[in-house]
Amino acid sequence: MDIKILGTGCGRCEKLEKEVINALAEMDVAADVKKVKDIREIMSYKIMSTPALVVNGKVKVAGKVPKRQEIKKYIQEELA
Amino acid sequence: MFILRFLNDQLLKMQWLHELVWSLVENVFGLDVSTRLGGSIHFFIYDIIKIFILLTVLIYLVSYIQSYFPPERTRAILGRFRGITGNTLGALLGTITPFCSCSSIPLFIGFTSAGLPLGVTFSFLLSSPFVDLASMILLASIFNWKIAIVYVVVGVLLAIVGGTIISKMQLEQYVAPFVFHQEISDFEKETTMTRRERMAYAWDQVTDIVKRIWIYIVIGVAIGAAIHNWIPAEMISALLGQDKWYSVLLATAIGIPMYADIFGALPIAEALVYKGVGVGTVLGFMMAVTAISPPSLIMLNQVVKSRLMAVFVTVVIVGIIIIGYVLNGFNAWLL
């Protein structure tokens, strides 16, 4: 599984990263988590608000830090 | 009229809280509120509780409204207008769309790539951080409705005029080229939110924003309490007094490098007005603190050349200084 956290480095992006790592640990799922700070790479996902969560190349959320339960749902979607 | 005044005094100005904290300080702490220590403790406790209550209610309401205007939708609405109408609409939509400064670049790129004139985007970026419904109500609570409405009107005017100047100067060449060709997907999933989802979204915004800015409020109120009770009025008026020609310049210069939320700047403004500083000087200070924030400028600089940044910053600073001097002329009427 390939997870990307998009954001220019604000506090909310850090929080999203932490939540994702915790969610993965709780679900016992291995994934490659990468933070994307380059603005052109962020924009290649065609979003207009950050932070954003991308799982396996699909934008799941943009502009907010979702609850851990929600993050787990997005990971689950990609597992199935 | 009586009912309106009652609502204004109790709900907005929270006189009940003022009295409650008064008796807490006098009877429980055993301090006289007319003394320095008692007075500043009263100011601190009363202001902190009042600001947090108002903030929670207001962010909730504003976020609920905001859930109808996700950035993709704002972009679609603004794309239909040109010229001064576009600037006006951009400035007005900026007031109901508070966003984290970390989103300002994607927004800028999204708006520009949609073919929005640069000036309209800047009108939006300008009004967004410092004019919103929450700050209007807080100004009404701390000062009065006249000041609150004047603040919003001049703020929106500054955003319209600033954006128009940027349009007229045709600075498109100073924007990184890729910005114009960036694709944005049009998912408008927010518009299909249920009422329950909007309420959850609004509550998330409340906790998120309060977590992010509470420290600025505590520091702001502490500085306010210090100004209110410990710094002699003569000292303040020597620096920022109405009769000093440099007062607005100085207040703006102090405000620019300060990076705080408008809610942190408010208690400082409150204390300064009590010390007799002109309303224009104080509002100029507040606008300087909120309109120009170094972190979002640094981020904007990634997609915009320094020349355009310099124009933007100059327009804002000159605008704030003019507003400050003009409003000082109406000081007596405003208070």
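Letters go in sequence order (proteins before strands), and every chain restarts at 1. No experiment lies behind these values; they were computed from the predicted model shown.
Formation of a donor-acceptor pair under 3.5 Å by the B:Arg307 side chain with backbone atoms of B:Tyr174 is not found in this model.
Residues of residues 15-25 of chain A placed with any heavy atom under 4.5 Å of a heavy atom in chain B are listed by number as A:Lys15.
Residues forming a side-chain contact (heavy atoms from CB on, under 4.5 Å) with B:Ile137 (at least two apart in sequence, or on another chain): B:Leu12, B:Leu58, B:Trp145. Shown here are the ring pair (Phe, Tyr, Trp, His ring centres under 6.0 Å) partners of B:Phe108, two or more places apart in sequence or in another chain: B:Phe122.
For the pair B:Arg73 and B:Tyr68, the NZ or CZ position fails the cation-pi test of under 6.0 Å to the six-membered ring centre and within 45 degrees of the ring normal.
Taking 4.0 Å as the cut-off between side-chain N and carboxylate O, A:Glu26 and A:Arg68 count as a salt-bridged pair.
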List, one per line, each side-chain donor-acceptor pair under 3.5 Å for residues 76-93 of chain B, sequence neighbours excluded.
unit_1  : atom_1 : unit_2   : atom_2 : d
B:Arg82 : NH2    : B:Gly115 : O      : 3.4
B:Asn87 : ND2    : B:Gly119 : O      : 3.2
B:Asn87 : ND2    : B:Ser123 : OG     : 2.9
B:Thr88 : OG1    : B:Ile84  : O      : 2.7

